Structures are given as C-alpha cells and as structure tokens.
Amino acid sequence: MYLELQQQLIVHVRDLLKRQYDLELPRIVVDQPPDIHLGEYALPLSFELAKKLRKPPRKIAEEIVAGLGQISGFEKFEVAGAGYINAKLNRAQAAKLILQESLGKTAGSEKILVEHTSINPNKAAHIGHLRNAILGDTFVRLLRASGAHVDVQNYIDNTGVQVADVVAGFIHLEKKGKAEIERLIHDPARPFDYYCWDLYARVSQWYEENKENTKIRLQVLHEIEQGGNEAAEIGEIVSTAILRRHLETMQRLGIQYDFLPRESEILHLHFWDLAFEQMKQKGVLYFETEGKNKGCWVMRRAGSKPAEQQPEGPDEDAKVIVRSNGTVTYVGKDIAYHLWKFGLLGRDFGYKHFYRYPDNHQVWISAESSEPEHPRFGGVHAIYNVIDSRQSDPQNNVIEAIRGLGNEEQAENYHHFSYEMVALTPGCAVELGYDVSEEDRKRAYIEVSGRKGFGVKADDLLDALITAAQKEVDSRHPELSESERRNIASQIAIGALRYFMLKFTKTSVIAFDFKEALSFEGETGPYVQYAIVRATNIFRKAGLDPDQFLSSNAKPSWSSNAKPSWSAAALGCGENSSQVNENLPNGNPEPSAPKVEERAFMPVSQEKKEGALALVDFLFLDDDEIWQLWLTAGQLSSIVQQSIITLEPAYIAKFAFQLAQQFNNFYHKHHILTETDEARKQFLLATAAVVRRVLIQSLGLMGISSPAVM
RNA sequence: GGGCCCGUAGCUCAGAUGGAUAGAGCAUCUGCCUUCUAAGCAGAGGGUCGCACGUUCGAAUCGUGCCGGGCCUACCA
C-alpha cells in the first residue's frame with residue numbers, strides 16, 4: 001500500500017514540476033513527517049527548488065500544493081514548517097488497500113543462486129556459522145516471497161586443509177582407522193562433529209608444538225586432493241558425516257538447501273583446467289618471470305592500476321593463481337566454480353541424491369557422474385554469496401577474473417553478501433571456562449576460532465534456548481501435553497535465536513553475550529511472537545477465526561496451500577503442530593520468477609466481494625495512534641523491497657519489532673472484547689486481525705513461526 | 001605501507017536516498033495484574049552523535065585531515 005501510493009505521488013509531482021516550472025529533478029525525496037497527524041508523506045523539495053526558482057520555499061510549496069489538486073487516494077496536501085509539503089492519505093481508502101494486500105507472485109524470469117553456510121566439514125557449527133546461515137536463509141525467503149526462483153547452495157570444501165587437519169589427527173595423533181572412526185560417527189554418547197571440534201583444536205596445538213608435524217599436514221592434504229588412498233577415504237568418511245551433522249543442525253532452525261557442490265568434484269572433474277585455458281587465452285593470467293612471484297601464474301589484483309601506470313618491474317601486488325609447483329590456489333578453484341555458477345565454464349557437475357528432509361524436499365550433492373532424473377543447478381542470472389567480510393579480498397579477485405574474461409554483466413550480478421563476524425565478549429569467554437590472556441581481557445571482543453576450539457557451538461546454544469523456553473512454557477501451560485510444550489519451546493527458542501542474529505545490521509560485529517542471546521524480553525523474537533499470541537487470544541475468546549475475519553474481504557494468496565518448509569515433525573515434536581503456518585513461504589519455488597526490483601506485494605483483485613468487513617466503519621481511523629498501526633502494517637512491502645535491494649535483512653527484524661510494539665500499546669489501551677459500541681468493536685477487531693497477519697508474515701520472512709499459545 | 005569496516009545514552013545497537021524536537025532494547029528508579037496472558041504497558045533519569053575543518057538553506061548522515069578499535073593485504077583455505 002505505502003509504496004504504491006508513494007510512487008503515484010512522485011509521478012504526479014514530477015509531472016507538475018514539468019508542467020509548471022519546466023523542471024526535471026533526478027530524484028524526488030519522500031520522507032515521513034515526524035508525526036502522523038501531519039500526514040503520511042513529506043516532500044522537502046521546495047528547499048531544493050528555492051535557489052533555482054529564486055523564490056522562498058514556502059511560496060513554492062504553496063504553488064505546488066495548489067497545482068497538485070486532487071490525486072486519487074489522497075485527502076489533501078498541506079504546507080508546513082519552513083516549506084515542507086505534507087501529503088495526507090484518505091485513510092479509509094488506504095485501509096481497504098491494506099486489508100486486500102497480500103503477497104502476489106508476478107510472472108517470472110531469471111534464476112537466482114544464493115550460497116550460504118559453507119562450513120568446513122571438519123568440526124561442529126558455531127555461532128559465527130549461525131549468523132551466516134540465518135542471514136542467507138532469511139535472504140532466500142525474502143527473494144522467494146518476492147517471487148524469485150532461487151536455488152540454495154551450500155559449498156562443501158571437503159578436500160581442504162581443515163579436513164586434512166582432522167584426518168591427520170585421526171591417523172597420526174589418535175592412530176585410528178576407518179572402522180574406529182565409523183564407530184565414533186555412530187556413537188550415541190557424543191556427536192561426531194563435537195568429537196572433531198576437540199580433535200581439530202588438539203591437532204592445531206600439535207602443529208604448534210613441533211614444526212615437523214606440519215609436514216604431515218601437507219602430505220595428508222596432498223593425499224586427499226589426489227584421491228584413491230587411505231587418507232582420502234578417511235577424509236571422505238569424516239567430511240560426509242560432519243556434513244550430515246551440519247544439515248541436521250541447520251534443519252533445527254528451518255534451514256534447507258537444494259544443492260551441495262563439493263570441492264572434490266571441482267578437482268576431479270577438472271573444472272580448473274577449463275578455467276585456466278580461458279584465463280590464459282584472454283590474458284587475465286600471465287606467467288611471472290621475475291620478482292617474488294617468479295614461476296607463478298598471476299592475476300592483476302582488483303583495484304590496482306593498469307599496467308601502463310605501474311612502476312617498472314613485476315607487479316608484486318598481483319594475486320598468485322597457480323603456484324610455481326603447478327598447483328592451483330583456492331582463488332583459482334573459486335574462479336572456475338563461479339564460471340560454472342554463471343554457466344560460463346562449459347562443464348557441469350554430476351548430481352546424486354544426498355538427503356531428504358521430512359517435508360520430502362531433496363538435497364542434491366555433486367558427483368562425478370549423475371543419477372538418472374537429476375535436476376541441474378548453475379547457469380544462473382545472478383548470485384549472492386553469503387560470506388563474511390574477511391573474504392572480500394578473494395571475492396573481489398573472483399569478480400575481477402570474471403570481468404576480465406569479458407563477462408561484464410555477470411560481474412555486475414555477482415554479489416558478495418558481506419557481513420561482520422560474531423565474536424565473544426571477554427566475559428563470555430571466561431564464563432565458558434576458556435583461558436583468556438590479560439591482553440584479551442581488555443579487548444571489546446575476541447574472535448571465535450575453530451582452530452583453537454574457541455567458541456559457542458550452534459547446537460549447544462539452541463539447546464540452552466530450548467531449555468530456558470521450556471521452563472517458562474511448563475510453568476505457564478501445565479495443561480498442555482509434553483510434546484506440545486516442547487514444540488512451543490522450540491518455536492520460541494528458534495524465534496529468539498534467529499531474531500538475535502538478524503537484529504544487528506551486517507556491518508556490526510556481534511559481540512556475543514549469553515544474557516542478551518538468551519533473553520525473551522524487549523527487542524527479541526519472542527516479543528513479536530507474544531504480540532501475535534495476544535491478538536490470536538482475542539479472536540479465540542470472541543469465538544472468531546482471525547483469518548476468516550479477513551478473508552471474508554480479501555484472501556492472502558499465499559496462505560492456503562503453502563506448507564511450512566519445516567514442520568513440527570521436522571523438529572521431532574510430533575504431528576500436531578500448534579504453530580500458525582500461513583507465514584512460511586513454500587519451500588518449493590515456482591518455476592517462474594520476477595525481477596527482484598519489482599513489487600513484492602500486489603493488491604488482490606478489487607472485485608472480491610466484501611463480507612463481514614464491509615460493516616467496519618473506517619471513520620474510526622481518525623484516531624492517529626490506531627491509524628499509525630494500520631499505516632505501519634501497510635509498509636511491509638516497502639520494507640521487503642528495501643531489504644532486498646540493500647541486502648539488509650535487519651530491516652525486517654526492526655520492522656516486526658516496531659509493529660509489535662505499536663500493537664502492544666494498542667492492546668493495552670483498547671480493551672476489545674468489552675467494547676460496547678458494536679461498530680467500534682468490529683473496527684478494533686479488524687485492526688488486530690490486520691496487524692496479526694502482517695506480524696506473522698514478517699516473522700515468516702525471517703523463518704520464525706508463530707506459536708498458538710505462549 | 002595499501003584496502004575495507006566501526007566509533008551515537010552506563011551497556012548493546014537503530015538512525016536507506018542529507019530534512020522538522022537524535023531513537024530502541026538492556027540496566028537503574030517509579031507506577032500498573034479481579035480485564036483479551038505482566039514474555040506486557042506507562043513514566044523518569046541518562047547525548048560535546050570520536051575530534052577538527054569544509055560543502056549545503058539544512059550534516060549523526062556527504063568530503064578532507066586527524067584520534068581510537070577491528071578485519072584483510074600468504075606460492076593458507
């Protein structure tokens with residue numbers, strides 16, 4: 001609603017400027033007035049025009065207001081302050097649009113690929129990985145809600161040094177063979193990823209104790225890359241087992257993937273050879289004959305000056321792609337992989353089944369040859385790589401290589417979805433029992449390190465959240481069954497965790513603190529969930545169905561048949577889920593997809609007959625506070641669009657919290673069920689129903705479900 | 001040395017496109033449960049927006065220079 005009317009306003013203003021002053025402004029700024037009684041939109045353009053037109057801003061504003069006349073949907077325009085033009089909406093008309101508003105999928109076009117999670121398969125997932133996966137998954141939900149066709153990939157570096165380290169640990173430190181490792185994998189007493197978490201830390205220590213040991217590391221790495229030996233077999237067993245653990249951990253949070261490309265196939269299917277040829281041909285790579293990079297194939301670094309402007313001698317700043325011993329670096333392999341993503345490599349992965357989620361969604365994994373009837377991935381129009389900011393340099397190298405190969409458009413559509421890391425506060429580290437040096441205690445935060453085994457494991461955090469939530473639910477709802485209480489506690493825990501990871505903007509380092517993360521009060525997911533429960537309770541006590549109450553007027557098009565992509569069953573919480581699930585976008589993307597920039601929400605056709613809500617008297621909207629609630633609810637589509645364009649899911653989190661806050665205020669002020677004026681009661685019910693729906697949708701976009709009771 | 005990011009209330013953070021009196025949460029203090037659930041609401045205190053110049057009718061926001069902190073800058077991944 002909000003965005004559509006804003007665009008209409010801009011069109012009219014632009015038209016007027018052209019007619020009245022023969023002026024064209026590159027951009028017409030639209031703000032919101034400080035208080036809603038002033039209107040819904042504020043145009044500060046008179047100030048900008050004052051100099052050009054040599055008139056005082058107030059005079060210009062008056063002329064524009066006079067010239068605008070009547071615009072459909074708008075009540076009136078007013079001049080305020082030193083020269084602002086405030087636009088007031090026709091509240092009743094706008095409210096009807098908000099009632100009818102729902103997510104519509106527009107006709108589609110290109111496919112989008114989002115890569116996230118991508119945890120080295122050698123240890124348990126920790127809080128840093130959670131931020132990555134939650135940001136990525138939420139972004140996927142936003143894209144899909146806007147109608148895009150998205151493939152979700154989780155890249156598996158199963159042949160890298162980190163896996164090699166754990167393999168070296170098994171072979172040389174623990175002297176364990178395949179059979180013993182298999183036993184550990186199936187040990188019910190201890191998850192295998194937890195076992196490897198400790199082993200990885202011990203191996204890193206072992207390297208530090210004796211430099212000789214690092215020779216073993218390189219040897220093991222080499223064997224794994226080669227394949228067909230004991231180390232490679234152990235590497236395969238270990239990395240696959242841990243990958244399964246990662247999928248289970250992420251599944252607890254409602255996060256699923258479509259395809260798991262592995263580095264082993266990039267190696268064995270010789271993706272690099274094809275990329276190498278292309279890069280040599282196009283001159284992106286050149287053979288360095290002198291300086292420190294002598295004997296290597298190198299690439300000019302992004303942002304460095306072109307050759308002509310370089311000082312004499314070799315470009316020491318260049319990025320090594322092929323080492324002097326002939327092996328390819330990580331960036332080299334990544335270039336080949338990204339050429340594949342855009343369909344520019346000329347070779348495909350093989351595909352085989354790997355895992356089936358409880359909702360029957362299939363995950364495919366790369367293979368050297370394909371199973372019959374497999375889907376294809378890659379060859380997409382745009383990509384989003386959710387990778388922390390520390391990797392922006394290698395990411396830029398890959399983009400530069402793609403651009404250098406003549407793929408300007410693909411380079412533009414290559415998005416490094418960059419975010420800052422999660423770190424521990426020194427206090428938190430001490431609390432966890434880690435040795436913290438004097439120096440580290442003075443720091444604001446300490447980086448999480450898998451190598452040091454320093455961090456909070458994802459499953460541990462989620463368990464702690466469930467335990468805390470369960471305690472609360474048990475005391476509040478002793479009448480519910482154990483599995484119902486468990487289910488609700490899970491939903492609250494997930495809500496708290498996902499919201500916590502989303503409430504910070506990407507550029508902010510999260511200094512992890514247990515007290516904050518385990519909180520269910522204030523700016524948290526459960527706060528929003530609770531507001532929804534309150535709204536639901538009103539309808540339950542009134543003997544009404546809030547969705548029916550709305551659908552008699554307009555029906556959300558995504559409510560009926562969209563099954564949640566993660567059900568109560570998926571969480572091991574029994575069949576009868578009490579969660580409200582209209583909010584969760586379908587896990588199976590439609591074959592068609594619109595451009596991201598297009599509107600996410602479209603009004604449902606106007607012909608829908610008006611039912612019970614036809615009785616609602618919108619004159620009650622003259623209450624500014626209640627109208628503010630409606631207006632905020634009408635801004636969801638605008639927020640979704642902004643989140644997608646700026647790659648900032650935090651906006652959704654902020655929005656959901658603000659709307660919940662306004663609703664709680666409303667809830668406290670207006671006691672709906674005891675309202676004696678029937679018309680007013682209907683209006684208040686409509687308000688609660690609309691806000692409830694938008695809150696559920698907002699949480700759904702963040703992968704948070706709404707419990708029926710709390 | 002070069003690149004990127006951060007610095008806003010005691011703490012943790014919002015303040016997109018420059019716009020009307022700088023906002024939340026936590027913490028502290030004071031009220032509010034016989035009401036649709038207090039995981040809530042209302043109120044109070046708390047600010048040289050790191051510093052200095054500059055651009056502008058207007059700067060927390062843009063530019064330059066400092067100060068403080070973080071990350072990256074490997075023939076690691």
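Proteins get letters first, then strands, A, B, ... in listed order; numbering begins at 1 in each. Just so it is clear, the structure is predicted and the values come from calculations on it, not from any experiment.
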### Message
Distance criterion of 3.5 Å, no angle test: do you see the side chain of Asn664(A) paired donor-to-acceptor with the base of rA38(B)?
### Response
no
#### Entry: For atom OH of Tyr200(A) and atom C1' of rC76(B), their distance in whole Å
11 Å
### Query
Hey, is Arg300(A) close enough to Asp315(A) for a salt bridge, meaning N to O under 4.0 Å?
no
### Task
Look at Gln391(A) and rC4(B) and indicate whether a side-chain polar atom (N or O) is within less than 4.0 Å of OP1 or OP2.
no
### Message
Distance check, C1' atoms only: rG43(B) and rC51(B), in whole angstrom units.
### Response
36 Å
#### Entry: rA59(B) versus rU17(B) - spacing of their P atoms, nearest Å
15 Å
### Message
Say we look at rC67(B) and rA52(B): how far apart would their C1' atoms be, to the nearest angstrom?
### Response
11 Å
### rC72(B) phosphate, OP1 or OP2, under 4.0 Å from Arg301(A) side-chain N/O
no
#### Entry: Val161(A) or Gln658(A), whichever maps to the more 5' nucleotide of RNA chain B
Gln658(A)
### Task
Classify the nucleic acid contact of Lys333(A) as base, sugar-phosphate or nothing, counting any heavy atom under 4.0 Å across all strands shown.
nothing
### Message
Using Watson-Crick or G-U wobble geometry with both distances under 3.5 Å, which nucleotide pairs with rC4(B)?
### Response
rG70(B)
#### Entry: Counter-base of rG19(B), judged by Watson-Crick or G-U geometry with both distances under 3.5 Å
rC57(B)
### Task
Compare the ring of Tyr84(A) with the six-membered ring in the base of rA20(B) and state whether they stack (centres under 5.5 Å, planes under 30°).
yes
### Message
Under a 3.5 Å cut-off for both contacts, is rC75(B) paired Watson-Crick or G-U wobble with anything, and if yes, with which nucleotide?
### Response
none
### Query
What integer distance in Å separates His668(A):NE2 from rA42(B):C1'?
7 Å
### Query
When you compare rG50(B) with rA9(B), how far apart are their C1' atoms, in angstrom units rounded to a whole number?
15 Å
### Query
If you look at every strand shown and take non-hydrogen atoms under 4.0 Å, does Ser508(A) touch a base, only sugar-phosphate, or nothing?
sugar-phosphate
## Note on the structure
Between Arg390(A) and Leu38(A), the residue closer to the 5' end of RNA chain B by nearest nucleotide is Leu38(A)
#### Entry: Residue pair Glu625(A) / Asn665(A), side-chain heavy-atom distance below 4.5 Å
yes
## Note on the structure
Assigned chi class of rC33(B) under the 90° convention is syn
### Task
Using only heavy-atom distances, determine whether the side chains of Glu648(A) and Ser643(A) contain a donor-acceptor pair under 3.5 Å.
no
### Task
Mind checking Asp31(A) for me? I need base, sugar-phosphate or nothing, with any heavy atom below 4.0 Å counting as a touch.
base
### Message
Taking only the P atom of each, what is the distance from rG65(B) to rU8(B) in whole angstrom?
### Response
22 Å
### Task
Respond yes when some side-chain nitrogen or oxygen of Asn293(A) is under 4.0 Å from OP1 or OP2 of rC75(B), and no when none is.
yes
### Task
Report which part of the nucleic acid Gln529(A) touches: base, sugar-phosphate, or nothing (heavy-atom distance under 4.0 Å, all strands).
nothing
### Message
Going by purine N1 to pyrimidine N3 plus the second Watson-Crick contact, or the G-U wobble pair, all under 3.5 Å, which nucleotide sits opposite rG10(B)?
### Response
rC26(B)
### Task
Would you indicate, yes or no, if rA74(B) has its OP1 or OP2 atom less than 4.0 angstrom from a side-chain nitrogen or oxygen of Tyr330(A)?
no
### Task
Verify the contact: side-chain N or O of Lys654(A) to OP1 or OP2 of rG15(B), cut-off strictly under 4.0 Å; return yes or no.
no
### Query
Does rA38(B) have OP1 or OP2 sitting under 4.0 Å from an N or O in the side chain of Arg534(A)?
yes
### Query
Asn397(A) has an atom CG; how far is it from atom P of rC4(B), in whole Å?
15 Å
### Task
Please determine if a side-chain N or O atom of Asn120(A) lies less than 4.0 Å away from the OP1 or OP2 oxygen of rA77(B).
no
### Query
Counting N and O atoms only, with roles assigned by atom type, does the side chain of Asn158(A) sit under 3.5 Å from a partner on the main chain of Ser264(A), one being a donor and the other an acceptor?
yes
### Query
Quick one: is Arg217(A) getting a side-chain N or O under 4.0 Å of the rC76(B) phosphate, OP1 or OP2?
no
### C1' atoms of rA20(B) and rU61(B), separation to the nearest Å
16 Å
#### Entry: Lys515(A) NZ - rU12(B) C1' separation (whole Å)
10 Å
### Lys503(A) NZ to rA24(B) C1', straight-line distance once rounded to whole Å
10 Å
### Message
Measuring only the P atom in each nucleotide, how far is rA60(B) from rC53(B)? A whole number of Å is fine.
### Response
14 Å
### Message
Once you apply a heavy-atom cut-off of 4.0 Å, does Asn537(A) come out as touching a base, just sugar-phosphate, or nothing?
### Response
base
### Message
Students often get this wrong, so: under 4.0 angstrom with heavy atoms, is Phe520(A) touching a base, only sugar-phosphate, or nothing?
### Response
base
#### Entry: Base-pairing mate for rU48(B) - Watson-Crick or G-U, with both contacts under 3.5 Å
none
### For atom CG of Leu285(A) and atom C1' of rC75(B), their distance in whole Å
14 Å
### Query
Under 4.0 Å between a side-chain N or O of Tyr527(A) and OP1 or OP2 of rC41(B)?
yes
### Query
Going by heavy atoms in the side chains, are Tyr527(A) and Gln661(A) under 4.5 Å from each other?
yes
## Note on the structure
Rounded to whole Å, CD1 of Ile644(A) lies from C1' of rA16(B) at a distance of 15 Å
### Query
Base, sugar-phosphate, or nothing: which does His670(A) touch, judged by heavy atoms less than 4.0 Å apart?
base
### Task
Using a 4.0 Å heavy-atom cut-off across all strands, classify Ala42(A) as base, sugar-phosphate, or nothing.
base
### Query
Are Asp513(A) and Lys515(A) within salt-bridge range, i.e. N to O under 4.0 Å?
no
### Query
So what does Val331(A) touch, heavy atoms closer than 4.0 Å: a base, only the sugar-phosphate, or nothing?
nothing
#### Entry: Side-chain ion pair, Glu288(A) and Lys294(A), N-O less than 4.0 Å
no
### Query
Does the distance from a Lys or Arg side-chain N to an Asp or Glu carboxylate O, for Glu40(A) and Lys88(A), drop under 4.0 Å?
no
### Query
Hey, is the side chain of Ser324(A) pairing donor to acceptor with the base of rC75(B) inside 3.5 Å?
yes
### Task
Respond yes when some side-chain nitrogen or oxygen of Arg476(A) is under 4.0 Å from OP1 or OP2 of rA39(B), and no when none is.
yes
### Message
Taking rG46(B) as the reference, what is the distance to rG25(B) when you measure between their C1' atoms (whole Å, please)?
### Response
15 Å
### Message
What is the distance, to the nearest angstrom, from the CZ atom on Arg451(A) to the C1' atom on rC76(B)?
### Response
8 Å
### Task
Taking the side chain as every heavy atom from C-beta outward, state whether Arg27(A) and Leu25(A) have any atom pair closer than 4.5 Å.
no
### Message
Does Lys506(A) reach a base, just sugar-phosphate, or nothing at all? Heavy atoms under 4.0 Å.
### Response
nothing
